**Q** 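Before we start, here is the structure in question, set down as structure tokens.
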2 protein chains.
Amino acid sequence: MTTLAAVPTPAPRSAKAEATRAAIVGAAMRLFREGGYDATTMRAVADAAGVSLGSAYYYFASKEHLVQGFYDQLSGAHHDLVADVLATETGFAERLTGVLEGWIDLAEPYHDFAATFFRNAADPRSPLSPFSPESAAARATSVDIHRQVLAGSDLRLAPALREEMPELLWLLQMGVVLFWVYDASEGQARTRALVHGVVPLVDRLCRLTRLPVVRGVANDVVALVRSLRA
Amino acid sequence: MTTLAAVPTPAPRSAKAEATRAAIVGAAMRLFREGGYDATTMRAVADAAGVSLGSAYYYFASKEHLVQGFYDQLSGAHHDLVADVLATETGFAERLTGVLEGWIDLAEPYHDFAATFFRNAADPRSPLSPFSPESAAARATSVDIHRQVLAGSDLRLAPALREEMPELLWLLQMGVVLFWVYDASEGQARTRALVHGVVPLVDRLCRLTRLPVVRGVANDVVALVRSLRA
DNA sequence: CCTCCGGTTTGAACGTGTTCAAAAATGCGG
DNA sequence: CCGCATTTTTGAACACGTTCAAACCGGAGG
């Protein structure tokens with residue numbers, strides 16, 4: 001619900017302009033949901049929003065930029081949804097499962113057409129890429145969720161690993177999303193199975209870092225991650 | 001060099017037709033390398049190959065299908081390239097490093113334009129997806145390379161893990177490729193750093209499966225992978 | 001009331017990937 | 001050599017995303 005994203009592409013000028021923006025993105029989302037991304041033409045979006053084709057391009061630089069709003073909206077809704085489980089549950093595995101399953105629940109209605117534009121997200125130069133500057137807000141929101149997952153849990157980690165963990169968990173979620181995109185099973189049952197299988201594994205692996213020999217590996221993972229970020 | 005792929009989209013009819021196919025894909029590859037995927041138009045490809053636009057579409061169903069040949073060619077060249085290191089080296093880490101680095105070396109000249117069409121590979125419905133039936137041949141070639149990596153190495157694994165390992169290593173390579181696509185550093189230095197960092201980790205983690213407690217985790221990983229394949 | 005001037009709107013036009021019906025070439029049985 | 005069916009070739013035509021110069025506002029200043 002709440003949009004946590006910072007300023008959209010153009011800074012909001014007048015109230016009327018903002019309303020027009022909303023009308024366009026609203027029409028686009030409805031058409032995307034009904035007919036998919038590719039089948040929805042910019043002309044149809046403009047018509048449905050009651051503006052001309054040129055106006056649509058005045059407010060949104062490209063068809064892809066229309067999806068940015070959906071992105072931010074989903075990430076904000078996820079943030080709100082998981083607040084509940086993060087407030088009550090203390091087990092690390094339960095918290096992580098709640099967060100990952102919550103995302104699947106939220107995204108389920110969009111699965112069919114999400115796949116049709118997730119292709120664009122894979123382009124490093126696309127604004128829809130999870131690593132792009134335009135996605136920074138949604139990314140920060142997501143990493144923060146995983147910071148909370150860790151902070152409120154009973155899991156105890158070495159400081160170095162603990163510091164990198166939220167981002168690693170975000171990476172895990174990206175992996176789940178990737179799996180989800182390819183998952184054609186009913187209700188994305190396979191993705192849910194993946195979550196239920198992989199979370200306990202992560203949990204156990206984390207707790208194994210108490211063993212010196214495993215901790216050594218973990219430290220090297222942290223060192224590698226840090227060296228690659230530079 | 002050697003194309004290991006099975007039949008291309010249309011089964012080869014005459015020698016002349018095959019020559020025309022080769023001319024088109026050759027012209028396409030040259031233009032892609034020079035100007036990138038998006039900037040290269042189908043009309044330019046047809047012109048460069050000395051055929052009409054319609055003929056280009058008679059031989060290749062779409063612009064994406066032109067890339068399939070490149071895919072198979074790269075995968076075959078990789079297979080040939082690593083034969084050397086796989087014949088001489090016996091250390092698991094060295095063998096795996098050789099395979100992953102070999103791919104980076106081979107793909108380096110194509111990095112700039114590869115990113116522009118790898119977006120299509122992320123579309124589950126695209127023939128270029130690494131999981132698509134059309135990519136089955138290249139995928140099998142790649143998994144087989146990793147089977148050899150393991151078979152000729154000094155690494156000893158539990159039978160169950162050993163059976164799933166080639167596919168897991170292939171998955172690791174897909175991850176490296178994904179990182180590579182996003183890697184804009186000079187000569188893809190960061191991807192090379194990733195390989196040099198991650199391979200020893202995998203090596204150590206594999207050898208840690210001798211410890212009963214780690215082996216338990218490994219067994220669960222195998223069970224999860226198997227359950228998801230079904 | 002007129003005159004500007006910035007923000008907004010418009011639809012024609014461009015270049016693209018792709019389709020298609022028709023023409024041309026090819027091969028083959030008689 | 002002649003139909004004739006099949007394969008191959010062709011370029012016009014289509015729908016799309018995107019661009020752009022021109023038109024249209026609506027209010028501030030004279």
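Values in this document were obtained by computation on a predicted structure and should not be read as measured data. Below, all heavy atoms of this structure are taken into account, side chains as well, without hydrogens, waters or symmetry copies. Order of the sequence lines sets the chain letters (A, B, ...), proteins ahead of strands, with each chain counted from 1.
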**Q** Between Ile24(A) (CD1) and dT8(C) (C1'), how many Å, whole number?
**A** 11 Å
**Q** Sequence neighbours left out, what passes side-chain contact (heavy atoms from CB on, under 4.5 Å) with Glu89(B)? Give chain and number order.
**A** Val85(B), Glu94(B), Arg95(B)
**Q** Take the protein atom CG of Leu53(A) and the nucleotide atom P of dA13(C), then report the distance between them rounded to whole Å.
**A** 14 Å
**Q** For the residue pair Trp180(B) and Trp103(B), does the interplanar ring angle fall in the parallel (under 30°), tilted (30 to 60°) or perpendicular (over 60°) class?
**A** perpendicular
**Q** Lys63(A) and Tyr37(A): which non-hydrogen atoms are nearest, and at how many Å?
**A** NZ-O, 3.0 Å
**Q** Test of understanding: with side-chain contact (heavy atoms from CB on, under 4.5 Å), list the residues that count as partners of Ala22(A), not counting sequence neighbours.
**A** none
**Q** Is the phosphate of dT10(D) approached by Ser55(B) (side-chain N or O, under 4.0 Å from OP1 or OP2)?
**A** yes
**Q** Quick one: do the Ser62(B) and His65(B) side chains pair a donor with an acceptor below 3.5 Å?
**A** yes
**Q** What N/O pairs connect the protein and nucleotides 20-23 of chain C at under 3.5 Å? Give each pair on its own line.
**A**
none

**Q** Look at all strands and tell whether Ser62(A) reaches a base, only sugar-phosphate, or nothing, counting heavy atoms closer than 4.0 Å.
**A** sugar-phosphate
**Q** Do Arg43(B) side-chain and dG15(C) base share a donor-acceptor contact under 3.5 Å?
**A** no
**Q** Let me know, please, whether Ala56(B) or Asp38(A) comes out on the 5' side of the other along DNA chain D by nearest nucleotide.
**A** Ala56(B)
**Q** Determine whether more than 12 heavy atoms belonging to other residues, nucleotides or ligands lie under 6.0 Å from atom CD of Glu186(A).
**A** no
